[in-house]
Amino acid sequence: MKEITVEKTLAPKARPQDESKLGFGSIFTDHMFLMDYFKGEGWVNPRIVPYGSFTLDPSAMVFHYGQAIFEGTKCYRRADGGLQLFRPQDNLARMTRSAARMCMPALDEQTALEGLKKLVEIDADWVPHQPGTSLYIRPTMIALDPQLGVHAARHYLFFIICSPVGSYYKEGLKPVGIYVEDEYVRAVRGGTGFTKCAGNYAASILAGDIAEKKGYSQVLWLDGVEQKYVEEVGSMNMMFAYGSHIVTPMLNGSILPGITRDSILTLAQQLGYTVEEKRLAIADIFEDIRAGRLTEAFGTGTAAVISPVGELCWKDEKLVIGGGQIGPVAQKLYDTLTGIQYGRIPDENGWIMKL
Ligand code: COI
């Protein structure tokens, strides 16, 4: 593992006083972690420096051809004041998988994890205290070569920034309304849907904007070929409950393999629910809601945690799910997952990394 140098800020910023108003991702801590990659040399110069702007060449390849991938993980404050991370190594491993698809270099995951831990320790006072808050950690990798030929870059920057956050949706744990998108698509098989590349999110903004104007929080994407099957919500994977049976779209190459998705599928089985990963036709989902068979819908994600879905709109048909209230399955899974993340419930799965 390479030695990480540390330069602390001489001008620490004021931390947010009112933790009930953190929102999501607009306040950043005092420091950041950086590491460079040069082809032929590998990852070099891991360092923690004061948070601040980068100077990049306007011809840097990230601006033109979008070699940019990111991750999202969180640090939680326990009731005793201690701090803990949740499966951060799984996020870094997923970044390496995203990198392979984007022809970017595999991350030096060991140094990145050490850098992540050290950064959070240095900015520990920024981890908020209020229930439901956390420090969101955003590892990112971008291509830097000043070069306009379309091919893989040779110089990359990996960085980690941190942001104290509240809930991702303004609704918090109140159910959100989701618009089923049937014009635009997010990803197709063979594409980049399973990666956290910036372009997947850029391509989702227009549909999200249209849905928001119609009063919905997010869009539910359908498959890119037939637009028949449920994929994901961009900021979260989707799950549906039929009583105590939970179904979710199977990973098919165009859906993000969510770490929260995986955790929830594991916890659900440990709690006695049955789970099934399969291809889910949106027409069947709507039929099951109408018939009262489908009792709950919810999304899972690092930022979104568990977010109940109280209404789905598809081709102008609006259906309320579970009376528009959070259901018992989503509530139990939320309580269990956050209980583990905040240290109230023992972690039986080896997911917690205490700092
Ligand atoms: C996360 O849950 O960490 C995400 O990356 C979703 C997001 C784009 C806010």
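In this chain, residues are counted from 1 in sequence order. Atoms within a ligand are numbered from 1 in the order they appear, just like the ligands themselves.
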Distance under 6.0 Å and angle within 45° of ring axis: K13 vs Y51: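 Yes - K13 lies over the ring of Y51, closer than 6.0 Å to its centre and within 45° of its axis.
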
Ring-face cation of R293 near Y242 (centre distance under 6.0 Å, axis angle within 45°):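 Because its charged atom misses either the 6.0 Å distance or the 45° angle limit, R293 does not stack over Y242.
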
Would you mind running through ligand 1 and noting each atom that sits below 4.0 Å from a heavy atom of [X]?
{"X": "R138", "result": "5 (O)"}
{"X": "Y201", "result": "8 (C)"}
{"X": "F70", "result": "5 (O)"}

Side-chain donor-acceptor contact under 3.5 Å, Q341 with Y76: yes

From CA spacing to verdict: ring pair (Phe, Tyr, Trp, His ring centres under 6.0 Å), F159, F54: CA-CA 11 Å; F159 60 89; F54 301 137; 5.1 Å; yes

Min N/O separation G301 to ligand 1 under 3.5 Å: no

What is the closest protein heavy atom to [atom], and at what distance does it sit?
{"atom": "atom 1 (C) of ligand 1", "value": "Y136 OH, 3.4 Å"}
{"atom": "atom 5 (O) of ligand 1", "value": "K196 NZ, 2.7 Å"}
{"atom": "atom 2 (O) of ligand 1", "value": "A303 N, 2.8 Å"}
{"atom": "atom 9 (C) of ligand 1", "value": "Y168 CE1, 3.6 Å"}

Parallel, tilted or perpendicular, as decided by the 30° and 60° cut-offs, for the rings of F38 and H155: parallel

Full working for side-chain hydrogen bond (donor to acceptor under 3.5 Å, both in side chains) between Y342 and S134: CA-CA 9 Å; Y342 287 91; S134 56; 4.5 Å; no

